[in-house]
Structures are given as C-alpha cells and as structure tokens.
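Here, residue 1 is the first one in the sequence, and each next residue gets the next number. Quantities reported herein were computed from a predicted structural model and do not represent experimental measurements. Hydrogens, waters and symmetry mates are skipped; everything else that's a heavy atom, side chains included, is used.
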Amino acid sequence: MPAPERIPPRSVSPQELLAKGELTVRGRIRGASNAVLYCTVEYDGVSAACVYKPVAGERPLWDFPDGTLAQREVAAYELSEAMGWGLVPPTVLRDGPYGEGMCQLWIEASEAPEGAAGASGETETSEAPQGTQGLDQPEKPSAPPGASRADAPAGAEGVAHGPLLALVDGDQPGEGWKAVGFAEVGGPGEERTALLVHADDVRLRRLAVLDAVINNGDRKGGHLLPAADGRIYAIDHGVTFNADDKLRTLLWGWAGEPLTEEALDALRRLSDDLAEDRPLTARLTELITPAEIQALRARVADLLRTGRHREPSGQWPAIPWPPV
C-alpha cells in the first residue's frame, strides 16, 4: 500500500498553528485604542487569518498596572475553555514581528450586533481577509458529562434569530429581549430616550457568567461575533481579571436572576480546576498576578454561594461607553 494511504495526514490544531506558525502582518485594524494587526499564519502547509496584538503597542492603564493586555486576553481564553463553553476564539501568547503579543484566530462574523459598525473591526490590509486553509476548526468544547456545548444551531430553544442588541421605544423590552437601561439617542434637535436591550439568548447568558468570572471591564456590543455555525464568539478581553470590581457590560438583563444549572455545573468544575495544584492554575500563574488569581477564586465562590447572576455594584459605571 502506498505510503500516503498508510499514513493519514497530520492535523494541525488552531492552538498549534497560532503558536508555531510563521506570522505575516497584512494590515492594521482601525479604530482600536491599542495596536491590532491583521495577519496570516502558516505552519506545516496549513494557513489561517488571525489577529496579533503586540505588547509594544499597548497603552498603559493606571488601573491595570500589572501584567499586559495580551496576557489577560490569553487568560480569558483559558477560563472560557475551562468552563466548557468555547466562547473566546483560540488565543495564544507568542513572539511576533513586533515582539511578544497575543495571537488570536480571526473570526468572520456572519452579522454584526445591532448598532455595531462591523463587529470584527475594519481593516486596512494589502489583502482581503481570508478564511482558514487546511486548519482543523475550533472544536466544540468537550466538557465533562452533563455540560452543554457552546454551539447553538439555528432553531435551538433560547437562541436569537436576529440582532443581539437593539434600541426600542417605550419602557418594556418586549418578548425575547432583556432590558439593560435607558440611553439618550439622536442628533441635535432629535434627541429621544430609548431602552437599550439585548436578546434573551442562552449563548449571551453564558457569556454574562464568563464576564462575571473574569471581571470584564469592557463588554461592548462590538465585541460579540455571531458565527455562521450558530456560535457566538467574544473578543477583546484586555481589561479583565482586576483584583478590584471592574465589571462593566451590556449583558445585565439577567442581573439578580438565578443561575442556570448548566452555569452552576460549569462554576463547580472551574472551582475545582482553580486549586493550587491544578494545571489551569499553573497556566494562569504565568499570565496574571497571585492577587488576581485569588480574586478570581473569590468571584467563582461568590457566584456559587449566591446562585445568582451578578448585579451592578453601584461603585463603578455598570455599562461601558460607548456601548458598541
């Protein structure tokens, strides 16, 4: 039997491709407050589009003095995977053309959340963004028995079939929506008050839990990427894991409501995985500070103790601005 028939072709995972592949900068993503570069990465005959955020292009933040945005982005991916939800695209920390930085698989959004001007950002590139070529697609999370996968096919219960965010008149969100708060909209002479709402969507509800766990200080509408396979990916996690309460998000629609049994199961697994001697803790130790890890454990314990979604603390602006 010929060798090609005896030996199956070797598959390349997204993480291996991102970590080991040759990174080529193709352009810059406009509108970001820090350097965000659109790239292609190639390894062992496999190629894909990706985002590269070099640490050298980060602006200092007075309230995040420790570590880097890139490290926190990778830590957010680790937590998403540990919870079995696969909400953050594959992300690694690696060296690149401009030094160490975060490298994340490019996600082509199937539609932008209402009010977002291109959820994946606008690019200035020498080539149009391309999809993956020969790459094993990110796996549906293989969580332990009893855990739900992160994908939500069209027609699934609790999944929105249109925009994820909207502004509506009146003071009630309507069926299938959750209220966030009121906003002043319209130009000069056309100002009006509208109700900001998000979809009552199981995928967003999982993300609300993840954001509470990682203490996300900047969950905007433009950070939500609905994919063609029915999944929602979340990006931009540089301002996370602070030891102080920094939670700012658009996903307050479930505030104070009981957590789902699925979420409680994921939190229990995560609590076990955050023990001192576990591999997840060892990986996080290289990305965030000991004080941030301890605060992370405390947030998980608090969610399990209350059994409810977080509510705004009143000590920090609850909604990021601009919201998209």
Side-chain angles (χ1 to χ4, degrees), residues 29-34 36 51 53 69 72-73 76-77 80 85-89 104 106-123 150 152 158-170 172-174 176-187 192-228 230-240 246-255 309-312 316-324:
I29 298 178
R30 295 177 294 174
S33 56
N34 298 281
V36 182
V51 170
K53 298 182 181 181
L69 304 182
R72 289 189 283 271
E73 293 245 32
Y77 169 71
S80 170
W85 287 340
L87 292 165
V88 179
Q104 184 175 84
W106 178 273
I107 300 298
E108 196 67 45
S110 61
E111 61 183 57
E114 188 73 12
S120 54
E122 298 181 24
T123 58
V159 175
H161 304 290
L164 300 175
L165 304 170
L167 289 166
V168 299
D169 294 321
Q172 296 298 322
W177 295 94
K178 288 286 190 177
V180 179
F182 291 100
E184 298 299 322
V185 298
R192 65 184 177 89
T193 299
L195 182 64
L196 178 62
V197 298
H198 65 69
D200 187 5
D201 186 298
V202 63
R203 301 165 299 177
L204 293 183
R205 191 165 189 172
R206 292 169 183 151
L207 185 56
V209 177
L210 176 64
D211 281 343
V213 167
I214 66 177
N215 197 17
N216 192 349
D218 194 33
R219 173 61 68 215
K220 297 177 179 177
H223 300 166
L224 308 176
L225 306 182
R231 297 171 70 174
I232 288 179
Y233 290 95
I235 60 172
D236 287 350
H237 297 102
V239 287
T240 51
K246 299 286 186 181
L247 184 59
R248 292 195 303 175
T249 175
L250 289 177
L251 304 179
W252 287 115
W254 299 281
H309 283 270
R310 274 288 310 274
E311 296 183 87
W316 180 257
I319 298 175
W321 191 262
V324 295

pair [X]-[Y]: side-chain heavy atoms closer than 4.5 Å:
X	Y	value
Lys53	Gln104	no
Asp218	Asp236	no
His198	Leu251	yes
Thr240	Asn215	no
Leu165	Val197	no
Val88	Ile235	no
Val209	Trp254	no
Arg219	Leu224	yes

Run the numbers on Asn34 and Leu69 for side chain to side chain contact (heavy atoms under 4.5 Å, CB included), then give the verdict.
-> CA-CA 10 Å; Asn34 298 281; Leu69 304 182; 3.4 Å; yes
Assess whether side chain to side chain contact (heavy atoms under 4.5 Å, CB included) is satisfied between Arg206 and Val202, documenting all intermediate values.
-> CA-CA 6 Å; Arg206 292 169 183 151; Val202 63; 4.1 Å; yes
Nearest-0.5 Å distance, [atom1] of residue [X] to [atom2] of residue [Y]:
X	Y	atom1	atom2	answer
Leu225	Arg231	CG	CZ	12.0 Å
Tyr77	Leu87	OH	CG	12.0 Å
Trp85	Ile232	CH2	CD1	13.0 Å
Leu195	Phe182	CG	CZ	5.0 Å

Please name the pair of heavy atoms, one in [X] and one in [Y], separated by the smallest distance, quoted to 0.1 Å.
X	Y	answer
Ala234	Leu207	CB-CD1, 3.7 Å
Leu250	Lys220	CD1-C, 3.9 Å
Ala179	Pro173	N-CB, 3.9 Å
Val168	Gln172	CG2-O, 4.2 Å
Ala228	Ser110	N-CB, 3.9 Å
Leu164	Pro226	CD1-CG, 3.9 Å

Quick one: do Trp252 and Leu247 satisfy side chain to side chain contact (heavy atoms under 4.5 Å, CB included)? Show the steps, please.
-> CA-CA 10 Å; Trp252 287 115; Leu247 184 59; 3.6 Å; yes
Do Asp211 and Arg310 sit within salt-bridge range, that is, some charged N less than 4.0 Å from a carboxylate O?
-> no
His237/His223 under side chain to side chain contact (heavy atoms under 4.5 Å, CB included): CA gap, chis, key distance, verdict | CA-CA 9 Å; His237 297 102; His223 300 166; over 6 Å; no
